[in-house]
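One structure is given here, and the rest of the page talks about it.
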Amino acid sequence: MTTAGDHRKLQLSELDELRHDAYENSRISKEKTKAFHDKHIVRKSFSPNKKVWLFNSKLCLFPGKLRSRWDGPFIVLNVFPHGAVEIRNPKTGLVFKVNGQRLKPYVDGIIDGKDCHV
């Protein structure tokens, strides 16, 4: 009877070790996935008097496939520490605050002698 009890205790301790190893492997896998994800995040920083694109997230009934969802360019007036950005529309002069995640830098360039405005 004692040998059967000892065998059962050994099985339980092995089971506990397997469970602990599974938790450890899961933690390692999550850390690697997070590190991979964080490595590919591009940090955006905006400064006053720079041009930016604004993501147009309005729901359209018939959105054009090839129509750009980015409006602009807008001019950055002020950057707040919590991620909000104050921008101004140069055409209308309208000033408003938006989430910095809805913006991307505007790149103005000339390609083959032609003005390139994407």
Side-chain angles (χ1 to χ4, degrees):
M1 192 74 163
T2 59
T3 58
D6 291 340
H7 182 66
R8 181 64 179 155
K9 287 180 186 177
L10 183 63
Q11 285 179 332
L12 289 174
S13 72
E14 286 178 359
L15 188 64
D16 193 37
E17 286 180 24
L18 286 174
R19 184 176 52 86
H20 177 66
D21 290 343
Y23 278 123
E24 187 68 21
N25 288 338
S26 174
R27 186 186 60 78
I28 291 170
S29 174
K30 287 179 183 179
E31 285 176 359
K32 285 183 180 180
T33 304
K34 182 178 176 6
F36 178 80
H37 179 265
D38 290 347
K39 184 173 71 172
H40 287 83
I41 291 177
V42 178
R43 304 283 181 213
K44 294 187 261 184
S45 62
F46 302 105
S47 58
N49 298 323
K50 296 291 182 181
K51 292 182 179 179
V52 293
W53 291 107
L54 174 65
F55 185 73
N56 183 2
S57 60
K58 294 181 219 164
L59 178 65
C60 297
L61 292 176
F62 301 104
K65 249 185 176 179
L66 302 176
R67 187 176 153 266
S68 177
R69 306 249 0 214
W70 296 92
D71 292 336
F74 292 89
I75 298 172
V76 175
L77 296 178
N78 194 4
V79 180
F80 297 97
H82 51 80
V85 179
E86 189 174 40
I87 60 175
R88 177 175 46 90
N89 187 342
K91 296 175 186 171
T92 63
L94 184 66
V95 176
F96 52 96
K97 288 182 188 177
V98 295
N99 188 341
Q101 293 178 346
R102 292 183 58 203
L103 299 174
K104 73 177 178 180
Y106 177 85
V107 179
D108 191 18
I110 298 175
I111 299 176
D112 297 331
K114 295 180 183 177
D115 219 358
C116 176
H117 297 286
V118 179

State whether the number of non-hydrogen atoms from other residues, nucleotides or ligands found under 6.0 Å of Tyr23 atom OH is greater than 12.
-> no
Polar side-chain atom of Arg88 near backbone of Val95 as donor-acceptor pair, under 3.5 Å | no
Arg8, CZ: over 12 other non-hydrogen atoms inside 6.0 angstrom | no
Could you state the interatomic distance from CG (Asp16) to CG (Asp21), rounded to the nearest 0.5 Å?
-> 10.0 Å
Supply the atom-to-atom distance Leu15 CG to Leu10 CG, rounded to the nearest 0.5 angstrom.
-> 11.5 Å
Closest approach of Pro73 and Pro90, non-hydrogen atoms and distance?
-> O-CD, 3.4 Å
Do His20 and Glu24 have a side chain donor and acceptor closer than 3.5 Å?
-> no
Pairs involving residues 38-48, ordered by first then second residue, that meet side chain to side chain donor-acceptor pair (under 3.5 Å) (sequence neighbours left out) = Lys34-Asp38
Remaining members of hydrophobic cluster (4.5 Å side-chain criterion), Val85 | Phe46, Val52, Leu54, Phe74, Val76, Val79, Ile87, Leu94, Phe96, Val98, Leu103
Between atom NZ of Lys97 and atom CG of Leu77, what is the distance when rounded to the nearest 0.5 Å?
-> 11.5 Å
Is a side-chain N or O of Ser26 found less than 3.5 angstrom from the main chain of Ala22, in a donor-acceptor match?
-> no
Answer yes or no: are there more than 12 heavy-atom neighbours, outside Gln101 itself, under 6.0 Å from its atom CD?
-> no
Donor-acceptor contact present, side-chain Arg102 to main-chain Phe55, <3.5 Å | yes
